[in-house]
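First the proteins, then the strands, lettered A, B, ... as listed; each starts at 1.
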2 protein chains.
Amino acid sequence: MEATEAVETIQREMTSFARRARASAGRLHPELSLVSYTLLGHLEESGGCRATDLAAHYALDKSTVSRQVGALERAALIERRQDSEDHRVQVLHLTDAGRRILAQVTESRRTAFRERLARWPAADLERFAEYLVRYNAWPGPAAGSEPGPPAAP
Amino acid sequence: MEATEAVETIQREMTSFARRARASAGRLHPELSLVSYTLLGHLEESGGCRATDLAAHYALDKSTVSRQVGALERAALIERRQDSEDHRVQVLHLTDAGRRILAQVTESRRTAFRERLARWPAADLERFAEYLVRYNAWPGPAAGSEPGPPAAP
DNA sequence: TGTCCGAGTTGTACTCTGCAACCGGACGGT
DNA sequence: ACCGTCCGGTTGCAGAGTACAACTCGGACA
């Protein structure tokens, strides 16, 4: 396979993945959409942050985040805490229920991945993981100009 | 990196990709949504097929495909031809305009990919491409049970 | 104090999607 | 040949996810 051809293939396959991703989104875990899952995961990693941070990080409109956060709060998966320093700010935190659900969904996704990758040699897994990290890491910051997902489709 | 850890990483990175994919969907190529692009691409590859085939292949509802196809026809990017064998069937074909638009979008996505992958050694590109194909190919047919995209986040 | 800024909310509109009901052609058994 | 069933496709309806714009409220700085 030649390099140019490889680029084509990567483009096509990543696009294909994104397409299927979108198509199957939410069907496997009706209780947690892709966006909700991602937001919850971010809260877990960061240990609490503001809605605006989420919006900036994921290139979503603040109104979208506001509604998602509202839904997650109504579901009692997260809670808002007024920031004592700046009363405009609400710091979002996972609740115990949120942590539990997040763990469940993560586990179930992990199972699906394990199944899919079960027959791969360890060396290939490691290289594949490394490539993905490298691809996603890219310059990074310039989220706006991100060609990233081929138009992420 | 250990194999289990590699699986985790692959899961996380693929999820990350899907998330960004969704977030930036449609913004780069307003004239052609991800689904439209994919359908057009499929028609080009297959040289014409039925709406039902598209629905099955991409795990979309036939009504969704019907509407997408309607829009693409209204935009004069595809045309329907009655099947002479089975009058229920409409075989979809790209028009010249469709082929042109598809080529444009493909080229623009290709450019973005090239930029992103510019500094990769050829050997890595080839392996990465191969891994993606292997990942996406998987068993394949069982689209319904597809854990695929980690719940495509 | 007054003005400007930033965090969040809400109203509105649009797209994508799935489900269910429906139409009409094709096919098989009697 | 007739009828029941199956299948391809369309349409009505509902819901999720978004974006954009207008608005509210607290904070910062002159």
Specify the separation, in whole Å, of atom [atom1] of [X] and atom [atom2] of [N].
X: A/R81; N: C/dA7; atom1: CZ; atom2: P; result: 20 Å
X: A/E73; N: C/dT9; atom1: CD; atom2: C1'; result: 13 Å
X: A/Q68; N: C/dG8; atom1: CD; atom2: C1'; result: 15 Å
X: B/L92; N: D/dG8; atom1: CG; atom2: C1'; result: 11 Å
X: A/Y37; N: D/dA16; atom1: OH; atom2: C1'; result: 20 Å
X: A/H87; N: C/dT9; atom1: NE2; atom2: P; result: 16 Å
X: B/L72; N: C/dC16; atom1: CG; atom2: C1'; result: 13 Å
X: B/Q90; N: D/dC7; atom1: CD; atom2: C1'; result: 13 Å

>> If you assign each of A/D86 and A/T64 to its closest nucleotide in DNA chain D, which residue comes earlier from the 5' end?
In response: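 Here A/T64 is the residue nearer the 5' end.
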Does a side-chain N or O of [X] approach OP1 or OP2 of [N] to a distance below 4.0 Å, or not?
X: A/S33; N: D/dG17; result: yes
X: B/S66; N: D/dT10; result: yes
X: A/Q82; N: D/dG26; result: no

>> Salt bridge check, A/E107 against A/R110: does any charged N sit closer than 4.0 Å to a carboxylate O?
In response: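 Yes, charged N to carboxylate O under 4.0 Å.
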> Under 4.0 Å between a Lys/Arg side-chain N and an Asp/Glu carboxylate O for B/R134 and A/D124?
Replying inline: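 Between A/D124 and B/R134 there is a salt bridge, with a charged N closer than 4.0 Å to a carboxylate O.
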> Rounded to the nearest 0.5 Å, how far apart are CZ of B/R50 and CG of B/D86?
Replying inline: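 It is 8.0 Å, given to the nearest 0.5 Å.
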> Quick one: CG on A/L54 to CG on A/L43, what's the gap to the nearest 0.5 Å?
Replying inline: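 Between A/L54 CG and A/L43 CG, I get 5.5 Å after rounding to 0.5 Å.
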>> Taking the minimum atom-to-atom distance to the side chain of B/K62, which one of C/dT9, D/dG9, D/dT11 wins?
In response: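 Shortest atom-to-atom distance from the side chain points to D/dG9.
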> Closest to the B/R50 side chain: C/dA7, C/dT17, D/dG8?
Replying inline: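 Of the candidates, D/dG8 comes closest.
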>> Using a 4.0 Å heavy-atom cut-off, does A/D61 contact any base of the nucleic acid, only the sugar-phosphate backbone, or nothing at all?
In response: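 Base, at least one base heavy atom under 4.0 Å.
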>> Counting the atoms with a prime plus P, OP1 and OP2 as sugar-phosphate, which does B/R67 contact under 4.0 Å by heavy atoms, base, sugar-phosphate, or nothing?
In response: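 Since a base atom lies under 4.0 Å of B/R67, the category is base.
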> Going by the angle between their ring planes, with limits at 30° and 60°, are A/H42 and A/Y58 parallel, tilted or perpendicular?
Replying inline: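 The rings of A/H42 and A/Y58 stand perpendicular, inter-plane angle above 60°.
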> Is there a donor and acceptor pair closer than 3.5 Å between the side chain of B/T52 and the base of D/dC7?
Replying inline: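 Absent.
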> Does any donor-acceptor pair link the side chain of B/R88 with the base of D/dC7 at a separation under 3.5 Å?
Replying inline: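 Under the 3.5 Å cut-off, the side chain and the base do form a donor-acceptor pair.
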